[in-house]
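Residues take their numbers from the sequence shown, with the count starting at 1. Atoms considered below: every heavy atom in the structure, side chains included; atoms not considered: hydrogens, waters and symmetry mates. First listed ligand is number 1; within each ligand, the first listed atom is number 1.
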Amino acid sequence: MNKKLPFALLATALLFAAARAPAEKTPEQPQQQTAAETAAVDYSDAPEGKLPEGVHPLAYRLDLLLDPRQASFDGSVAIDIRLDESTDHIWLHGKNLTVEKIHAQRKGGQTVAASYRQVLDSGVAVIAFAESLPAGDFTLHIDYSAAFDRNLAGLFKVEEQGNAYALAKSESIQARKYLPGFDEPGLKAPFSISLTVPEGYAAISNGPELAREPAGAGLEKVTFATTPPMPTYLLSLSVGPFDMVERPAIPPNKYRREAIPLRGFARHGRGEDMHYILDITPKMVETFETQLQRPYPFKKLDIIAAPQWPSGATELSAAITYREQRILVGDNPAPGTRLALVEVHAHEIAHMWFGNQVTPPWWDDLWLKEGFATWGEPLALTIMEPEGGHDLNATTSAISAMQLDSLASTRAIREPVTNNNTIRNAYDAITYSKSLGVINMVDGYFGAERFRPALGRYLETFSGGKADSPSFYRVIGEETNTPELTKTFRSFVEQKGVPQLDLALECADSGRAKLRVHQSRYKPLGSPIADARQQWNIPFCYKSDTGVQQCQMLTQADTTLNVLGETCPGWIMPNVQGSGYYRWNLPTAQWQALVKRFGQFAPTEQLSIIDSAFAAFEAGKLSDTLLLEVVRQSAGAGKRQVITMPLRYLRKYRNNYLDQAQRSALLQFVRNLYLPLLNSSADSRDADRQILHSTLLSFMALVAEDPQARRQLLDKARAFTGFQVPRDPQALDSDLYTAALTVAVQDAGGAFLTHLVNLRGALDDPRFENASANAIGSSDSPRQVETIHKLALSEDMGPREAFGLIQYAMAQPRVQAQHWAWLQQNFEQVVDKIPAQIRRRTPAFANTFCDRKHLGELQQLFAKQGHLTPGYERSLAQTEERIALCMALREQGRSLMEALPGAEGKAADSPS
Ligand SMILES: [Zn+2]
């Protein structure tokens, strides 16, 4: 094994830095070359998306020296491949690797000289051979080294409390930063992995540990069992002085003969904080096994709490890895923290089947793993905690996707992905939450008893392999024998946008009634969505006061239903159980009849009413007085999710649509509405009421600017942080960290900021570190702005925290201009600081603007510097559109505020 100096690695990285420039593609002498001449390759053939067909990885044998105390790592990989046709070169992946030696080996053992070269900056490389290889099987042998990444991408190292840890985060295409190979989800192969690590360090990978033997110089070699075929994005390589918590194995059951060893890993000293997640894991695994009627597909299960993990969690096969603050919660987590934990855990466990056992071959089918894993959350949690409100959380989540799906610049769930730089765009609310809504709609309309066995059959059919959407539709279609079911899926998965149903109930003198339904694509005021006659196959169900519940598949632009029964309904509710992924609108009188009975509807239906009311208002089709009535009614509802659904709209309107005169009227309206609820939910023993209380307290303090709520949070923050009073670690639970610290940063005086920064260094509490970064960003003092900018780019702020800090900073109206100027001037440093996987989202920093001048500046910034954030185009388009819609809605918002009781200059007639 060769030790490379970091200097040499840097030089290599620089050499490749400009690789996207066309000049880089012109043929020249390959950079790393063995003694023999190898074939000349036309670099302009380098694939920007999928690798060319015809080369199949069959098995990997990976042997690495991973010492997190060093700056770099090295090792070797042998890859068995099969060539469909004779060739003198193959394309594969590798990024910023230094290849020391490379050759190919024929089955008989003779070697063929080869050279390696990275051609594209996205990590597309080529291996050229000294002679043409015939079709058949070969082995590639590659010795290489690379630096540990410092931006949490690929094989990265982090230091916490004086210890260094090495971790691999590969999804989507970052395995290529530590492994020359075939870094595509469909190219699955078994991995035999051995890691040489410092003596006594934990080493975790996808297979169970088979052996550990001394390797000299204070090192040990750890060998893992060969995995089933797996894609590179699911590789786990974790090394460091982790605490290991061993649990009894998950016992065998009806679906599985072998017990599953269960272990938890947290960084040194934090193993005790993993009990909660480990306690619930066996039940959760068994719940999915029962629901899917399929055994857990791996030989062990490790749960890893990883410091600074760039995603909330990642479903690495048999080694699920979480950002540590998501799961290091101690034995008695705050209720909101606990809810987030069980949700993310259900999601990741669901992935063991959806994605890991059956893998989408390419990123355009991401929904087949992410949509189904998101759907797995309420599926498992409703069984484990029937009273937990998980069905409401699912409906809320689907509705939240409609926000994004209302933009012209939204995506379809399934859209072609042709360039490596745009892969990460698929990780959005459309893939996760819209898919959840669509799957729920299909499951509800066609029946779980029909849909779920078909789903089990799909997993069984493709177990261990891969499946794309057409394969999914085929199996589901065959199993359910219901062509409408697959048609429904396709019409929602392949088309973007939210269906809008405009309904009108017409009653004849005889009492017989008709319901006219028109479908179109929802568009808010100012939307650039063209009036294309877009149509879906919509499973539509309504109910009425006459006891009628009627369902029909809507397949036309216009449908007229003969309402069942002899009498004309007094009202209709156009989305039974709120399970349809659509919005609806009614004539005013029918809205009024519905809103009057708001309290009688199921909570999921109440959510649909609130969403459709706001949607109609923002499309200019619902009066402000009706909207305010819906908001009033929602505040009197029984369920937290219903009460809190309007809050994000009220926040938006307060920030963007108000002049000073109307501001106080809005704040008064909001206080009158929510203060009684805030008080009645205080000191509740019920976990959900506690979450409601925290949500309302944060809202009242930060949005409604209620002095009492701010005082309460300020006192908590001062006590918790020990600012000018003795420190009380029990004074603040983690659900209120961000809100309380934000209030303190804004109200406690300038000295608090310094105090907070010092405390971040002293406390070992990742949730606190994260929340305090957001709070620091929320300072509204112009005098602190410079300090905050220095902090954002300093070593005191992790990459992820810096991103949060800047996001919060840009949402502070008083200092937004200063932050924006700084961001434009220091764009390169900011990009360099934040995690590689979210750089393409930097345009969204400007989401809080609502004017033409800033829109222009945003466009200029990315015209000049967008090349620093590859794949930014989607985020830029969405941000531009949000700003434009905000401007269009301003006038509408003004009229809303004028309708408020007590508002000055109340308009005589409100437009409707
Ligand atoms: Zn996921």
Side-chain angles (χ1 to χ4, degrees), residues 152-153 167-175 185-186 206 230-236 277 281 284-285 287-288 291-292 296-298 301-306 309-323 326-327 339-381 390 393-394 397-398 400-401 404 411 413-414 417 423-440 455 459 466-467 469 472 493 800 835 837-838 841:
L152 317 179
L167 298 152
K169 167 68 165 74
S170 311
E171 191 172 359
S172 307
I173 55 167
Q174 301 183 88
N206 308 95
M230 62 180 280
T232 46
Y233 80 87
L234 292 174
L235 277 167
S236 166
I277 191 164
T281 298
M284 200 168 275
V285 170
T287 303
F288 277 108
Q291 283 304 300
L292 302 171
Y296 171 80
F298 303 108
L301 177 54
D302 291 329
I303 309 289
I304 304 163
W309 192 252
S311 301
T314 309
E315 70 272 20
L316 307 184
S317 293
I320 307 174
T321 305
Y322 295 83
R323 191 183 309 157
R326 300 296 297 265
I327 61 168
L339 177 61
L341 182 154
V342 297
E343 285 182 343
V344 72
H345 198 38
H347 179 104
E348 302 310 322
I349 301 276
H351 267 312
M352 297 302 115
W353 292 268
F354 296 106
N356 298 23
Q357 188 180 35
V358 178
T359 310
W362 184 243
W363 305 105
D364 52 0
D365 280 314
L366 191 65
W367 78 283
L368 286 176
K369 80 178 185 76
E370 294 306 342
F372 280 94
T374 307
W375 178 70
E377 297 171 28
L379 176 76
L381 293 174
H390 298 289
N393 295 339
S397 173
S400 73
L404 178 56
R411 295 168 45 253
I413 290 175
R414 185 175 200 249
V417 176
I423 290 168
R424 286 300 302 185
N425 286 333
Y427 292 77
D428 65 359
I430 299 301
T431 297
Y432 287 73
S433 301
K434 180 177 180 179
S435 296
L436 160 70
V438 172
I439 300 165
N440 255 344
L455 198 59
L459 289 171
K466 58 186 176 178
S469 294
F472 169 78
V493 167
R800 187 96 211 175
Q837 79 173 35
I838 53 179
R841 276 166 37 193

Visitor: Using the test salt bridge (Lys or Arg N to Asp or Glu O under 4.0 Å), find all partners of R800 that sit at least two apart in sequence or belong to another chain.
Guide: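 Result, salt bridge (Lys or Arg N to Asp or Glu O under 4.0 Å) vs R800: none returned.
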Visitor: Do Y322 and H345 have ring centres separated by under 6.0 Å?
Guide: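 Y322 vs H345: aromatic centres under 6.0 Å.
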Visitor: Distance alone, cut at 3.5 Å: any donor-acceptor contact between the side chains of T321 and W309?
Guide: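 Their side chains do not contain a donor-acceptor pair, so the 3.5 Å distance test is not met.
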Visitor: With no hydrogens and no angle check, just 3.5 Å: does a side-chain donor-acceptor pair link T431 and R414?
Guide: no
Visitor: What residues, two or more places apart in sequence or in another chain, satisfy side-chain hydrogen bond (donor to acceptor under 3.5 Å, both in side chains) together with Y427?
Guide: E171, S172
Visitor: Under 2.8 Å from the Zn ion (ligand 1), which protein N/O/S atoms are there?
Guide: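 Near the Zn ion (ligand 1), below 2.8 Å, one finds H347 NE2, H351 NE2, E370 OE1.
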Visitor: For E348, give me all partners under salt bridge (Lys or Arg N to Asp or Glu O under 4.0 Å), at least two apart in sequence or on another chain.
Guide: none
